There are 2 protein chains.
Amino acid sequence: MPKEVKTDIWGALADSTRREVLLLLRSRPHTAGELADQFELTAATVSHHLAILRGCGLVRVERRAQTLIYSLATEGLEEVFAFLRLFVRGKRK
Amino acid sequence: MPKEVKTDIWGALADSTRREVLLLLRSRPHTAGELADQFELTAATVSHHLAILRGCGLVRVERRAQTLIYSLATEGLEEVFAFLRLFVRGKRK
DNA sequence: ACTATTTTTAGAAGAAAATCAAAATAAGGA
DNA sequence: TCCTTATTTTGATTTTCTTCTAAAAATAGT
């Protein structure tokens with residue numbers, strides 16, 4: 001299956017295409033092709049972004065026949081949240 | 001005064017030195033020199049990181065005589081929070 | 001005016017990231 | 001087996017970041 005590449009979640013979130021992918025996956029899982037269609041980038045480039053999101057565990061992938069289905073796996077965002085919370089203590093709503 | 005350079009807050013947060021600066025400023029304002037001393041980087045490099053944090057409004061700076069005093073300005077983190085909250089709805093604690 | 005202190009800016013080198021086109025892989029069907 | 005579809009990997013190019021050294025700017029004291 002695809003190769004994992006990156007582990008730094010902050011780096012993964014720094015790219016707007018990857019953040020957009022996460023937003024798209026919020027509604028439902030998408031195939032790699034569906035995701036690629038949403039951007040003015042080649043499928044190869046989007047595939048590369050997906051590899052990075054996989055690498056830090058923000059998405060998971062599952063094969064169904066020829067297609068790869070990507071879905072959200074946001075447990076990893078906890079780390080980011082934990083950092084941010086350090087700066088908004090007292091803002092409990 | 002110093003020149004502003006960057007506006008992308010996600011990009012600013014992607015660097016571990018800059019995140020560390022934010023953590024240091026959490027306790028109290030620091031001079032540029034104090035901050036530089038915390039890292040194994042030249043003062044010029046740390047100054048550059050500070051310029052980026054300034055550029056996206058995560059810190060503010062004030063001059064006192066020869067020294068520049070940096071302090072936290074985390075209102076900008078709201079944008080990041082807003083994004084993250086989209087993924088943890090239902091996790092209200 | 002000169003000097004010392006603190007910090008930033010300018011310029012350059014190296015490393016890392018984003019992107020594309022082309023080739024490779026995986027799976028299914030004729 | 002050969003062909004088609006879906007996606008990834010490879011290799012190269014370009015752009016963007018990080019970092020340094022050296023020089024410049026700002027301020028205060030003598």
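We name chains A, B, ... by the order of the sequence lines, and we start the count at 1 in each one. Side chains included, hydrogens not; waters and symmetry mates left out as well; all remaining heavy atoms used. Computed from a predicted model, the values in this text were never measured in an experiment.
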Inset, instruction - Determine the contact category for B:His49: base if any of its heavy atoms lies under 4.0 Å from a base atom, sugar-phosphate if only primed atoms, P, OP1 or OP2 are that close, otherwise nothing. - result: sugar-phosphate
Inset, instruction - Verify the contact: side-chain N or O of B:Thr31 to OP1 or OP2 of C:dT7, cut-off strictly under 4.0 Å; return yes or no. - result: yes
Legend entry - Rounded distance (Å) that lies between atom P of D:dC17 and atom CG of B:Leu41: 18 Å
Inset, instruction - Taking A:Arg63 for its side chain and A:Ala65 for its backbone only, find out whether a donor-acceptor pair lies under 3.5 Å. - result: yes
Inset, instruction - Check the distance between D:dT21's P and B:His48's NE2 and give it to me in whole angstrom. - result: 16 Å
Legend entry - Near-strand residues of residues 61-69 of chain A, defined as heavy-atom separation under 4.0 angstrom from DNA chain D: A:Gln66, A:Thr67, A:Leu68
Inset, instruction - Please say which of A:Asp15, A:Leu58, A:Leu53, A:Leu72 ends up in a side-chain contact (heavy atoms from CB on, under 4.5 Å) with A:Val21. - result: A:Leu53
Legend entry - Bend angle of the helix from C:dA1-D:dT30 to C:dA30-D:dT1, from helix axes over five pairs at each end, nearest 10°: 10°
Inset, instruction - Ignoring hydrogens and angles, tell me if any N or O in the side chain of B:Arg18 forms a donor-acceptor pair with the backbone of B:Ile52 under 3.5 Å. - result: no
Legend entry - Below 4.0 Å: OP1/OP2 of C:dA18 and any side-chain N or O of A:Thr45: no
Inset, instruction - Please confirm whether the backbone N or O of B:Leu13 pairs with a side-chain atom of B:Arg19, one donor and one acceptor, at under 3.5 Å? - result: yes
Legend entry - pair A:Thr31-A:Leu68: side-chain heavy atoms closer than 4.5 Å: no
Inset, instruction - Would you please confirm or rule out a distance under 4.0 Å between OP1 or OP2 of D:dC20 and any side-chain N or O of B:Thr42? - result: yes
Inset, instruction - Using atom CG of A:Leu35 as one end and atom C1' of D:dT7 as the other, report the distance to the nearest whole Å. - result: 12 Å
Inset, instruction - Looking only at side-chain atoms of B:Tyr70, point me to the closest of C:dT8, D:dT19, C:dA18. - result: C:dT8
Inset, instruction - Round to a whole Å and report the spacing from CD1 of B:Ile52 to C1' of C:dT9. - result: 14 Å
Inset, instruction - Would you kindly give the CZ-to-P distance between A:Arg54 and D:dT7, to the nearest whole Å? - result: 12 Å
Legend entry - From C:dA18, D:dT8, C:dT8, nucleotide with atom closest to B:Leu50 side chain: C:dT8
Inset, instruction - May I have the distance from A:Asp8 (atom CG) to C:dA15 (atom P), rounded to whole angstrom? - result: 19 Å
Inset, instruction - Answer with yes or no whether the hydrophobic clustering places A:Leu22 together with B:Phe81; edges join I, L, V, M, F, W, Y residues whose side-chain heavy atoms lie under 4.5 Å apart. - result: yes
Legend entry - Verify same cluster id: B:Trp10, B:Leu50 (apolar side-chain graph, 4.5 Å): yes
Legend entry - Residues which pass side chain to side chain donor-acceptor pair (under 3.5 Å) with B:Thr42, listed by chain and number, not counting sequence neighbours: B:Thr45
Inset, instruction - To the nearest Å, give me how far apart CG (B:Leu13) and P (D:dT18) are. - result: 12 Å
Inset, instruction - Mind checking B:Ala32 for me? I need base, sugar-phosphate or nothing, with any heavy atom below 4.0 Å counting as a touch. - result: sugar-phosphate
Inset, instruction - Could you tell me which non-hydrogen atom of A:Arg54 sits nearest to which non-hydrogen atom of A:Val59, and how far apart they are? - result: N-CG2, 3.7 Å
Legend entry - Integer-rounded Å distance: C:dT6 C1' and B:Glu34 CD: 12 Å
